[in-house]
Amino acid sequence: MSGAEAFCRERPFKVNWPVRCAWFAAILYALYAANYLDVSWARFVVGLGNGATFLAEMVPPDFSRWQLLIDNLIETVEIAIIASAFGVLFSLPIGLLAARNLLPSWVTWPARTFIALCRSFHPVIFAILFVKAVGFGPLAGILTLVFASIGFIGKLFAEAIEEISLKPVEALRASGAPFISVIIYAVLPQVLNRFIGFASYQFDANLRNSTMVGIVGAGGIGGTMFAAFQRFDYDFLAAILLSIIGLVMLSEFISIRIKRVFQ
Amino acid sequence: MTTADHYRWQRFTPRERLARFAVFLGFAVALAASMRTVEVIPEFLYDAPTQVLDLFKRMWPIEYSYYPEGVHHALVETLHIASLGTLLAIVMAIPVGILGASNIVRVPALNWLAKLILVSSRSVNTLVWALLFVAVFGPGALAGTICIAFRSIGFVGKLFAEALEECDPGPIEALTAAGAPWPSVFLKGFWPQAAPAFWGIALFRWDINVRESAVIGLVGAGGIGMVLDTAMNLFHWDRVALVLLSIFSVVIIAELVVTNIRKRII
């Protein structure tokens with residue numbers, strides 16, 4: 001009897017049919033989308049052949065024009081630094097204006113729309129518009145990344161402010177402190193540490209993006225890289241890519257050290 | 001009574017204060033140096049307002065009639081590139097994430113290999129990946145899809161590895177003690193704990209990919225970016241405005257969808 005009972009026992013790990021159906025649907029979708037996009041195995045295989053020649057031409061990387069490379073890298077870093085400084089500077093008040101627990105909705109609504117507008121376009125699109133507005137060169141890149149920074153830090157900063165404890169704010173308001181004092185003594189001490197974290201993250205992101213805005217003419221190493229692509233100068237391209245990866249890794253290392261200082 | 005005067009409360013040790021000061025000073029010096037040497041041409045700045053005004057004048061009125069013939073197909077293609085790229089990235093990121101989780105694979109060399117893959121995927125920008133794959137596969141949606149997939153591996157894989165490392169070891173020990181083979185330990189021990197985080201990450205990445213797949217067409221990797229590029233090269237600014245408006249609406253819709261699904265699964 002007890003043997004039969006054990007035999008009929010429910011399976012400990014039941015088959016989850018909805019999940020299986022979802023996986024199946026995902027595979028079907030992948031096939032449909034691949035068909036729609038005209039992605040096929042044959043093209044992929046041809047591409048792999050091209051890829052092999054491409055990689056072969058990249059080796060060995062050509063560092064003979066290192067002077068140009070260094071100049072471009074410096075410009076890239078400069079764009080990232082200036083854009084981060086101004087982006088952080090502007091996103092502080094805008095993030096504050098967008099915090100719904102401190103300000104009435106007629107203030108937060110425009111600020112939130114502005115942040116959403118900054119966030120929803122990719123930096124390249126901003127870069128194109130700014131190249132049209134202020135011409136080729138690093139200024140367009142700086143403006144682009146300032147807007148990208150406002151979109152990112154502004155949103156996170158507003159969310160951080162919305163999560164603060166309101167007790168110090170109430171205490172200060174009750175004792176009759178003006179709005180500026182409430183901000184400086186009750187709000188900022190609670191969020192400033194997180195703000196520094198966002199800012200250092202955004203600096204990393206800006207550095208990555210400043211290597212790219214040059215593709216549309218907004219300064220930095222991207223322009224040289226795009227030119228190397230179009231001239232099939234793949235060994236110089238390999239040198240550029242390696243130095244970009246090196247730069248990004250260096251900045252990640254520095255930002256880890258900086259975060260440790262502020263912990 | 002006098003001892004109280006000797007104690008002054010300070011939040012940080014002198015060393016910490018020095019380090020903070022050094023960071024701020026370093027940043028200020030770097031900023032000043034950059035501002036002095038960066039090549040900004042002031043003449044371009046003076047006529048910027050005129051240029052912006054001119055830009056908006058050319059963009060208005062938006063040429064809505066172009067949408068059915070020129071934009072719709074490219075927009076659908078963009079969404080397919082983003083979704084298929086995300087699916088491919090998920091398939092490739094799961095093994096890399098497992099390799100990177102130090103509580104599953106206990107070989108430091110393999111963990112390092114996974115870290116290397118993840119970091120190189122993330123440090124190359126999407127547009128640069130797109131350029132590379134356009135050179136390899138030729139212009140078109142195939143290059144775009146692979147580009148989106150490769151760029152996403154780093155993001156999805158890193159966060160998945162972190163989710164796996166945060167798993168509670170209790171159920172895993174129980175399964176190992178009962179003699180479960182490795183696939184069962186992973187499927188029944190690790191996966192149920194990491195799955196909600198994983199789907200959240202994948203959805204978030206899909207949202208990002210929709211934005212990115214809208215621009216990779218600028219370098220020839222398919223999608224609506226190619227329409228944007230053509231319109232700009234022909235100075236059809238009213239079509240540019242239409243493309244920007246459609247990108248904006250799709251991005252907003254994607255964000256709303258993701259937020260709603262996230263609320264349900266997490």
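Just so it is clear, the structure is predicted and the values come from calculations on it, not from any experiment. Order of the sequence lines sets the chain letters (A, B, ...), proteins ahead of strands, with each chain counted from 1.
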Heavy-atom pairs under 4.5 Å with chain B - which of [options] has more of them than the others?
options: A:Asp204, A:Ile142, A:Ile125, A:Ile79; answer: A:Ile125
options: A:Gly135, A:Gly222, A:Ala33; answer: A:Ala33
options: A:Ile258, A:Leu237, A:Leu139; answer: A:Leu139
options: A:Leu48, A:Asn50, A:Ile82; answer: A:Ile82

Heavy-atom cut-off 4.5 Å, strictly under: side chain, backbone, both or neither for [X] against chain B?
X: A:Ile128; result: side chain
X: A:Leu241; result: side chain
X: A:Phe130; result: neither
X: A:Ala140; result: neither
X: A:Tyr29; result: side chain

Item to check | side chain to side chain contact (heavy atoms under 4.5 Å, CB included) evaluation trace for A:Val261 with B:Glu16 | outcome: CA-CA 7 Å; A:Val261 169; B:Glu16 279 175 333; over 6 Å; no
Between [options], which has the largest tally of heavy atom pairs under 4.5 Å with chain A?
options: B:Ser83, B:Ala214, B:Gly222, B:Ala143; value: B:Ser83
options: B:Thr37, B:Ile81, B:Val52, B:Ile247; value: B:Thr37
options: B:Val251, B:Leu87, B:Leu244, B:Leu131; value: B:Leu131

Next on the checklist: Quick check: closest heavy atoms across B:Val136 and A:Gly47, and the distance to 0.1 Å?
Outcome noted: CG1-O, 3.1 Å
Checklist entry - side-chain contact (heavy atoms from CB on, under 4.5 Å) with A:Leu37: which of B:Val76, B:Leu142, B:Leu84? => result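 When B:Val76, B:Leu142, B:Leu84 are each tested with A:Leu37, the side-chain contact (heavy atoms from CB on, under 4.5 Å) holds only for B:Leu84.
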Item to check | Qualifying residue for side-chain contact (heavy atoms from CB on, under 4.5 Å) with A:Ile215, from B:Leu218, B:Val215, B:Val219 | outcome: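 Among B:Leu218, B:Val215, B:Val219, the one that satisfies the side-chain contact (heavy atoms from CB on, under 4.5 Å) with A:Ile215 is B:Val219.
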Assess whether atom [atom1] of [X] is packed by more than 12 heavy atoms of other residues, nucleotides or ligands within 6.0 Å.
X: A:Tyr201; atom1: OH; answer: no
X: B:Phe186; atom1: CZ; answer: yes
X: B:Lys115; atom1: NZ; answer: no
X: A:Arg257; atom1: CZ; answer: no
X: B:Trp191; atom1: CH2; answer: yes
X: A:Phe54; atom1: CZ; answer: yes
X: A:Phe152; atom1: CZ; answer: yes

Checklist entry - Is the side chain of A:Arg208 donor-acceptor paired with the backbone N or O of B:Arg122 at a distance under 3.5 Å, no angle test? => result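 Here the side-chain-to-backbone pair exists.
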Taking C-beta and beyond as the side chain, do [X] and [Y] meet within less than 4.5 Å on heavy atoms?
X: A:Arg119; Y: B:Arg211; value: yes
X: A:Phe229; Y: B:Leu132; value: yes
X: A:Val46; Y: B:Phe137; value: no

Item to check | From CA spacing to verdict: side chain to side chain contact (heavy atoms under 4.5 Å, CB included), B:Met59, A:Leu129 | outcome: CA-CA 12 Å; B:Met59 280 184 167; A:Leu129 297 180; 4.0 Å; yes
Checklist entry - Checking B:Phe24 against chain A: side chain, backbone, both or neither under 4.5 Å from a heavy atom? => result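 For B:Phe24, the side chain is the part near chain A, not the backbone.
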Checklist entry - Does any heavy atom of chain A fall under 4.5 Å from the side chain of B:Glu212, the backbone, both, or neither of them? => result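 Both parts, backbone and side chain.
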Which distance, rounded to the nearest 0.5 Å, do you find between the [atom1] of [X] and the [atom2] of [Y]?
X: A:Met212; Y: B:Trp129; atom1: CE; atom2: CH2; value: 15.5 Å
X: B:Asn125; Y: A:Leu207; atom1: CG; atom2: CG; value: 11.0 Å
X: A:Met225; Y: B:Leu127; atom1: CE; atom2: CG; value: 8.0 Å
X: A:Met249; Y: B:Ser120; atom1: CE; atom2: OG; value: 6.5 Å

Checklist entry - Would you call the rings of B:His80 and A:Tyr36 parallel, tilted or perpendicular if under 30° counts as parallel and over 60° as perpendicular? => result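 Answer is tilted, since the angle falls between 30° and 60°.
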